[in-house]
Amino acid sequence: MSRRSSLDLAVRATADAQLGLITAAQLAEIGVHSSTASRRTAGGMWTRVLPGVHLIDGGHPVRRQRELAALLYAGVPSMLTGTTALRRYGVRAVRLQEIADDEPERPEPVHALLPHDRRRLSTGYVRLERTRRFPEDAVTIGGLRLAPVARATADAARRLRRPGDVAALVAEVVHRGLTDVSALRVELEQGQKRGSALLREALGPVDLGAASGPEVDLVRILEPSGIPAVYYNVTVVDERGAFVAIPDAWLDDVGLAIEVDSVEHHAGPDGFASTVQRNRRYAGAGVPVLPLLTRDLREPERTLREIHRARRAAASRPRPNVVMVGEAQPVAGREGWRWGA
């Protein structure tokens, strides 16, 4: 076998183990001169994804290749964080699983961490963050090193600008059991303070039981209101112990359920059917329900007046013969949001 053939085989073996990617350092170790990489890139055989990182089959890299290329560029140790990592954990908030792969010429930024003493700079689509609190417990999924969920969530929250996005993110990772409020509080207290206000605001409602972004908004309306005996995401059963529902908010003294119904999660056949079945169980148990839309939560004063009105109406009738059992129910193991339970 010629020397060139043996080098090509070594290049192929290394790249095949890295989604078709290879670094300049790896090429040099194999014995491939830098001029060869430049020639093949100029000829269109290879694609230069990042400085010193090539895709040997050419073309445009897909998202997973871009993420691995970012780690190869950053070097060891490094790991993905923020929304980049959360997508790999399967988080759906902020539509992470719905966003199509990016335009080849305008790829979505990839957020990565590396130790503070490393001098790599952000480049292209890669956003490198040097940190003195580099996590020791990286998680590997699909060949990609990821920051722990709590750290990735905190890093994402600091870069998000909409309170609803941060609330939805925190609610999902906690109520799917991917992390917990205490771990997020550690990140909040020990991590970077700049940009952490929205994370701090979201933690309180989630700790009380809010299981989605809109439920966080509902908690923010109810908690300062002075309305007594309010619980979130508790299981309600009838006098026989049969399951009725897990209301977004439950006013136990009068037996009133409050449900936030969204077009996004209720418009499809399954979501609509689930909502109808839930309301049928409420009706069968004699439980009054105040349904709210997510847009109602953007008018907290008007919504609070409606809640007071519904509570007075419920108090004027005999309380339904139902009880709540347990505490706030996590939704680990369920796909997506808990709405429509």
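The figures that follow rest on heavy atoms only: side chains count, while hydrogens, waters and symmetry mates do not.
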Please answer whether the main-chain N or O of [Y] pairs with a side-chain N or O of [X] as donor and acceptor at a distance below 3.5 Å.
| X | Y | answer |
| --- | --- | --- |
| T41 | S38 | no |
| Q97 | R87 | yes |
| E223 | R220 | no |
| T47 | G59 | yes |
| T81 | A147 | no |
| T303 | P300 | no |
| R145 | S78 | yes |

Pairing of R319 and D252 as salt bridge, 4.0 angstrom limit: yes
Ion pair check, R66 and E108, cut-off under 4.0 Å: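 Looking at E108 together with R66, the answer is no, because their closest N to O distance does not fall below 4.0 Å.
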Around E239, counting heavy atoms of other residues, nucleotides and ligands shown, do more than 12 lie under 6.0 Å from its CD?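 Buried by this count: over 12 neighbours within 6.0 Å.
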Any residue meeting salt bridge (charged side-chain N to carboxylate O under 4.0 Å, His left out) with R240, in chain and number order, not counting sequence neighbours: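 With neighbours one apart ignored, the set is D238.
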Can you list the residues that meet the salt bridge (charged side-chain N to carboxylate O under 4.0 Å, His left out) rule with R317, with sequence neighbours excluded?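 Salt bridge (charged side-chain N to carboxylate O under 4.0 Å, His left out) check on R317 returns nothing, list empty.
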Pairwise ring-ring contact (aromatic ring centres under 6.0 Å, His included) hits with a residue in residues 8-66, at least two apart: W46-H54
To the nearest 0.5 angstrom, please state how far the CG atom of L178 sits from the CG atom of L86. 8.5 Å
